[in-house]
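Shown next, in C-alpha cells, is the structure this report addresses.
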Amino acid sequence: NVDVQKASSQGTVRRITQQTRSAFIQSRTNVNLVRANERSLISTQAALEATQTGLEVGTRNIVDVVNAQRDYSNAQRDYSNSILDYVQSVVELKRQAGTLTPSDIYDINSWLEPSQQTAQ
C-alpha cells in the first residue's frame with residue numbers, strides 16, 4: 001500500500017516535471033518563431049511596396065501586386081498567430097510551474113486591448 005502510494009507520487013512528480021520542461025521548451029521555441037515571423041513580415045512588406053512601385057512604372061502587373069498582397073497578408077497572420085502561441089505557452093509554463101497569478105492574466109489582457117495610440 002505504501003509502495004503503491006510512493007510509486008504513484010513519484011510518477012506524478014515525473015509527469016509534472018516533464019510537462020513543465022516541455023512548456024519551457026515550447027515557450028523558447030515560440031520566441032524564435034515570433035522573431036522569424038517578424039522578419040518575414042518586414043520582408044513581405046518590402047516586397048509588396050517594391051511590387052506596387054513596379055506596377056506604377058510598368059515593370060509589374062496587377063497579378064504580381066495581388067500575389068504580393070496575399071503573401072503580406074499571410075505573413076501578418078503568421079506573425080499574429082506566433083504571438084498568440086507564445087502567450088499561450090508562457091501561460092502554460094507559469095501554470096505548470098505554479099507561478100500563474102491573476103496579475104499575469106490582467107497583464108496579458110491589457111496586451112489584447114487596443115492602445116490609445118492605435119485607437120486614435
Side-chain angles (χ1 to χ4, degrees):
N1 190 11
V2 173
D3 290 337
V4 172
Q5 289 176 340
K6 187 175 181 180
S8 176
S9 175
Q10 289 174 343
T12 300
V13 168
R14 279 193 299 272
R15 181 178 47 82
I16 291 171
T17 300
Q18 179 58 36
Q19 289 172 342
T20 304
R21 186 176 292 125
S22 178
F24 175 74
I25 291 168
Q26 186 62 49
S27 68
R28 290 190 62 178
T29 300
N30 286 340
V31 167
N32 293 327
L33 191 56
V34 168
R35 289 179 183 153
N37 284 332
E38 181 180 32
R39 288 190 295 272
S40 176
L41 181 62
I42 292 167
S43 176
T44 56
Q45 182 179 15
L48 173 59
E49 291 168 2
T51 304
Q52 288 171 331
T53 301
L55 178 66
E56 292 170 10
V57 298
T59 60
R60 297 288 188 146
N61 62 40
I62 193 66
V63 173
D64 295 330
V65 173
V66 170
N67 287 337
Q69 287 173 333
R70 181 203 58 221
D71 293 343
Y72 180 64
S73 179
N74 288 342
Q76 286 177 314
R77 180 204 59 220
D78 293 345
Y79 178 64
S80 296
N81 285 341
S82 66
I83 290 172
L84 179 60
D85 290 343
Y86 168 73
V87 169
Q88 289 173 330
S89 67
V90 168
V91 169
E92 178 60 18
L93 176 60
K94 285 180 171 268
R95 189 185 72 76
Q96 287 291 335
T99 62
L100 185 63
T101 65
S103 176
D104 294 325
I105 303 302
Y106 291 130
D107 289 344
I108 291 168
N109 195 40
S110 72
W111 300 344
L112 301 175
E113 295 173 0
S115 69
Q116 293 289 35
Q117 209 170 32
T118 58
Q120 295 177 353

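Model, not experiment: these values are computed from the prediction.
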>> Tell me if a side-chain donor or acceptor on Ser80 pairs with a main-chain N or O of Gln76 at a distance below 3.5 Å.
In response: yes
> Could you walk me through whether Gln45 and Leu48 pass the side-chain contact (heavy atoms from CB on, under 4.5 Å) check?
Replying inline: CA-CA 5 Å; Gln45 182 179 15; Leu48 173 59; 5.6 Å; no
> Side chain of Ser40, backbone of Ala36: donor and acceptor closer than 3.5 Å?
Replying inline: no
> Just how far is it from atom CG of Asn67 to atom CD1 of Ile62, taken to the nearest 0.5 Å?
Replying inline: 10.5 Å
> Where the side chain of Thr51 meets the backbone of Ala47, is there a donor-acceptor pair that is under 3.5 Å apart?
Replying inline: yes
>> What's the separation between atom OG in Ser89 and atom CD in Gln96, rounded to the nearest 0.5 Å?
In response: 12.0 Å
> Is Asn32 reaching over with its side chain to a backbone N or O of Thr29, donor-acceptor style, under 3.5 angstrom?
Replying inline: no
>> So, taking the atom named CD in Gln19 and the one named CZ in Arg95, what distance separates them when rounded to the nearest 0.5 Å?
In response: 7.0 Å
> Between Asn37 and Asn81, is a side-chain contact (heavy atoms from CB on, under 4.5 Å) present by the stated rule, with each step listed?
Replying inline: CA-CA 9 Å; Asn37 284 332; Asn81 285 341; over 6 Å; no
>> Could you walk me through whether Val91 and Ile108 satisfy the side-chain contact (heavy atoms from CB on, under 4.5 Å) test, starting with their C-alpha distance in whole Å, then the side-chain angles of each, then the deciding distance to 0.1 Å, before giving a yes or no?
In response: CA-CA 9 Å; Val91 169; Ile108 291 168; 3.3 Å; yes
> Is there a donor-acceptor pair under 3.5 Å between the side chain of Thr44 and the backbone N or O of Leu41?
Replying inline: yes
> Closest heavy-atom contact between Leu55 and Arg60?
Replying inline: CD1-O, 3.4 Å
> When you look at CZ of Arg28, are more than 12 heavy atoms from neighbouring residues, nucleotides or ligands closer to it than 6.0 Å?
Replying inline: no
>> Please check this pair: side chain of Ser73 against backbone of Gln69, looking for a donor-acceptor N/O pair closer than 3.5 Å.
In response: no
> So Val87 and Trp111, side-chain contact (heavy atoms from CB on, under 4.5 Å) or not? Walk me through it.
Replying inline: CA-CA 10 Å; Val87 169; Trp111 300 344; 3.7 Å; yes
> Quick one: do Val31 and Val90 end up in the same hydrophobic cluster if we chain Ile, Leu, Val, Met, Phe, Trp and Tyr together by side-chain heavy atoms under 4.5 Å apart?
Replying inline: yes
>> Taking Leu93 as the starting point, is it possible to reach Leu33 by hopping between hydrophobic residues whose side chains are less than 4.5 Å apart?
In response: no
> Taking atom CD of Gln88 and atom CD1 of Ile83, what is their separation to the nearest 0.5 Å?
Replying inline: 12.5 Å
>> The criterion is side-chain contact (heavy atoms from CB on, under 4.5 Å); which residues satisfy it with Glu56, sequence neighbours excluded?
In response: none
>> If you apply the rule salt bridge (Lys or Arg N to Asp or Glu O under 4.0 Å), what do you find for Arg35 with Glu38, and how did you get there?
In response: CA-CA 5 Å; Arg35 289 179 183 153; Glu38 181 180 32; over 6 Å; no
> Within a radius of less than 6.0 Å around OH of Tyr72, do more than 12 heavy atoms belonging to other residues, nucleotides or ligands occur?
Replying inline: yes
>> When you measure from the side chain of Asn30 to the backbone of Asp85, do you find a donor-acceptor pair of N or O atoms at a distance under 3.5 Å?
In response: yes
